[in-house]
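Inspection log for the structure reproduced underneath, given as structure tokens.
Because the structure is a prediction, the values reported are computed rather than measured. In what follows, chains carry the letters A, B, and so on, assigned in the order in which the sequence lines appear, proteins first and then strands, with residues in each chain numbered from 1.
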Number of protein chains: 2
Amino acid sequence: MANPVLVELTRGRWVESRHRGAVAIADASGRLVWSAGDVDRPIFGRSALKMLQALALIETGAAEAFDVSPEELALACASHGGEPFHVAAVAAWLARIGCDESDLACGAHAPANEAAARALLLEGRAPSRLHNNCSGKHTGFLTVARRLGVDPSGYEQPDHPVQRLVLAAIAEMAGLDRASMPVGVDGCTAPAAATPLRGLATAMGRIADPSGLSPARTKAARRLYAAVRAHPLYVAGTGRACTALIEAAGGAASVKTGAEGAYVAVLGELGLGVALKIDDGAGRAAETVMAAVLAALEVVDAGHPTIAALAEAKVLDTTGRVVGARRPSAWFATELNGAVAKIAG
Amino acid sequence: MANPVLVELTRGRWVESRHRGAVAIADASGRLVWSAGDVDRPIFGRSALKMLQALALIETGAAEAFDVSPEELALACASHGGEPFHVAAVAAWLARIGCDESDLACGAHAPANEAAARALLLEGRAPSRLHNNCSGKHTGFLTVARRLGVDPSGYEQPDHPVQRLVLAAIAEMAGLDRASMPVGVDGCTAPAAATPLRGLATAMGRIADPSGLSPARTKAARRLYAAVRAHPLYVAGTGRACTALIEAAGGAASVKTGAEGAYVAVLGELGLGVALKIDDGAGRAAETVMAAVLAALEVVDAGHPTIAALAEAKVLDTTGRVVGARRPSAWFATELNGAVAKIAG
């Protein structure tokens, strides 16, 4: 059965485009508090898994051994915009563990941040692997390899000791059997695990309320959750949705986008995790759904400018006139209200 | 009911994202030769309507009176990339009708062509309205206003004499009642008409086989169809899908993309029109569907590199390794084969 329409784009009085998808909200026990659509089919969370991929950085003692700062922990969980402060921080971290750009397995791509991309171009410099939005995650992997005392080369392969730890942590947090968890290759060459939204929301719920986890994992989850909320600019960057939503939540939540329409949230005060996937992979719709969920659960004030910009976005013509809107579908808005009543009750 | 999944993106052995949509293939009589999904719900064809919007340019005698060249006719039907030759041609055409950039109602945006955008940036120049992908269409509207002898100001308003002609032509070609045809505002400020895919495919079928139209419209349709096939670089630009597909068809077809996942084709030799819309607005999926349709109907050889690049596209990681694919869904591929058998029979 087709997933429900969660987001609509209008032009004038008419609906122009529709995005279908699924959403799961779960607690640390794996209880599905609310859902829409199919939350049992495995989906690729892509970069929305980064907090889970960073658990090993703390659990192995790597972060402790190499004095990894909260900003660096945030970078390990980030899809950063390649702004100068991101790039400088990754380079300094790499140097501290005796590595450099050439040790990164990710490829180079232009910074997602437009000003940073423009500046590189005007300086006549090519983007480097440091600009790859995943360079912090990869530096985290290299730090784990250093801590384990293994050859870091091939650290992005699923059977490398680093990725064995990383994939095991993802499966455990999502309540899955590692052996049957689908694993593809991500855009940055690292393993890309697929998890049902139910499991991904549970994993995020376990970061929100880690009290039932092992002591080492409890500590790791708390440190990562604290780091991303303390340094939202390191999680994404200037003007990016994740940064804006974490800032808007004022300590009550962290969020993380993933390519192809994935998005997760950790709602610490509610002890809940959120995971969603837009069927067609559209990031614009994922942002609208996440903003609507955060507003409905009152994690962010519905009147906050970030919510207005993402959940009820204006569609403009090239002269700046409003010609349409991007918004939750009427069905989804109604269902969300029901969810809130259920969660509050 | 939900439209069928037409396109899938895979990662490894798994499907990562899915695009739903609808496709209509019709002849000049309005007979639906084949379809998939809902072809009766009005959709915004956006820039896929440009050939219809350009009919008035010839029918009013404006093209004749102002020596509009085949390249300029192609630009009137174009979403161009803002390459230097596009911009120079629009500027020269505007000058010839006694207008300039300030008469264009469209806003400025950076060229879609990356090299052109980069060059502007390195020269320290801001994009102008001439770079707007619709500047050729707008210059066509201004040329009609000149020919009619009316004040060109406000030419983009639906009740301006120019747009009355343009909207009437769209409705007639699509077999619709003008008064009940939804009209929003396009990204370039011009009216955006909505038509069912059935009607849009019929309109394209009437360009493919204009023999049943009025003599003036027959002539206009033939000239536009000839112009876009003779000058595909003016219809889109270097490396763009429309240009590549028209070139690959070697005179047997013209195609035109529209924002939010619309795409049309005129298949002159078959006397058929094609119209499609991806529900979620994804251009990548629209390109895959159009390429698959053209290959199935043998308008373009299935082994042509353009078909390989669009219909069975590779998904790469940032180091260039193939990690997935974008391709027609198995259902759609099978249905298309059925369509071909039916059309051939």
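- Heavy atoms of B:Ala282 lying under 4.5 Å from chain A are absent altogether.
- In this structure, the portions of B:Leu121 lying under 4.5 Å from any heavy atom of chain A include both its backbone and its side chain.
- Side-chain rings of B:His160 and B:Phe141 stay apart, their centers remaining 6.0 Å or farther from each other.
- Contacts between residues 184-193 of chain A and chain B, defined by a heavy-atom separation under 4.5 Å, are made by A:Gly184, A:Val185, A:Asp186, A:Gly187, A:Cys188, A:Thr189, A:Ala192.
- Among all heavy-atom pairs drawn from B:Leu310 and B:Arg326, the shortest one is O-NH2, 3.2 Å.
- In this structure, A:Phe44 and A:Leu49 have side chains that are not in contact, with every pair of non-hydrogen atoms separated by 4.5 Å or more.
- Comparing B:Ile278, B:Ile43, B:Thr319, B:Thr318 by how many heavy-atom pairs each has under 4.5 Å with chain A, the most go to B:Thr318.
- Within the 4.5 Å cutoff, side-chain heavy atoms of A:Ile170 are placed close to those of A:Met181.
- Here the shortest heavy-atom pairing between B:Leu6 and B:Trp331 reads CD2-CZ3, 4.1 Å.
- When all heavy atoms are compared, the tightest approach of A:Asn3 to A:Ala22 is ND2-CB, 4.0 Å.
- With a 4.5 Å cut-off on non-hydrogen atoms, A:Ala194 does not touch chain B at all.
- With chain B as partner, the option from A:Gly107, A:Gly12, A:Ser17 having the largest number of non-hydrogen pairs under 4.5 angstrom is A:Ser17.
- Comparing B:Glu16, B:His19, B:Arg284 by heavy-atom pairs within less than 4.5 Å of chain A, the highest count is held by B:Glu16.
- Listed here is the closest heavy atom pair of B:Ala116 and B:Pro111: CB-CB, 3.9 Å.
- Among A:Arg129, A:Arg13, A:Arg118, A:Glu260, the residue with the largest count of heavy-atom pairs under 4.5 Å with chain B is A:Glu260.
- Contacts between B:Arg321 and chain A at a heavy-atom distance below 4.5 Å involve the side chain alone, from C-beta outward.
- Both the backbone and the side chain of A:Arg11 come within less than 4.5 Å of a heavy atom in chain B.
- Between the side chains of A:Ser79 and A:Lys256, at least one donor N or O sits under 3.5 Å from an acceptor N or O.
- Of the listed residues (B:Val315, B:Val323, B:Leu9), the greatest number of heavy-atom pairs within a distance under 4.5 Å of chain A belongs to B:Val323.
- Of the listed residues (B:Glu83, B:His86, B:His80), just one forms a side-chain contact (heavy atoms from CB on, under 4.5 Å) with B:Asn113, and that residue is B:Glu83.
- Residue B:Ala285: no heavy atom, backbone or side chain, is found under 4.5 Å from chain A.
- Among pairs with a residue in residues 102-111 of chain A, those fulfilling side chain to side chain donor-acceptor pair (under 3.5 Å) read A:Asp100-A:Ser102, A:His109-A:Asn133, at least two apart in sequence or across chains.
- Contact of the B:Leu130 side chain with the B:Leu104 side chain is registered, since non-hydrogen atoms from C-beta on lie closer than 4.5 Å.
- Of the listed residues (B:Pro182, B:Gly281, B:Cys134), the greatest number of heavy-atom pairs within a distance under 4.5 Å of chain A belongs to B:Pro182.
- Nearest heavy atom pair, residue B:His138 against residue B:Tyr155, reads ND1-OH, 2.5 Å.
- For a residue to count as touching a neighbouring chain, one of its non-hydrogen atoms must lie under 4.5 Å from one of that chain's; by this rule A:Val183 touches chain B with the backbone only.
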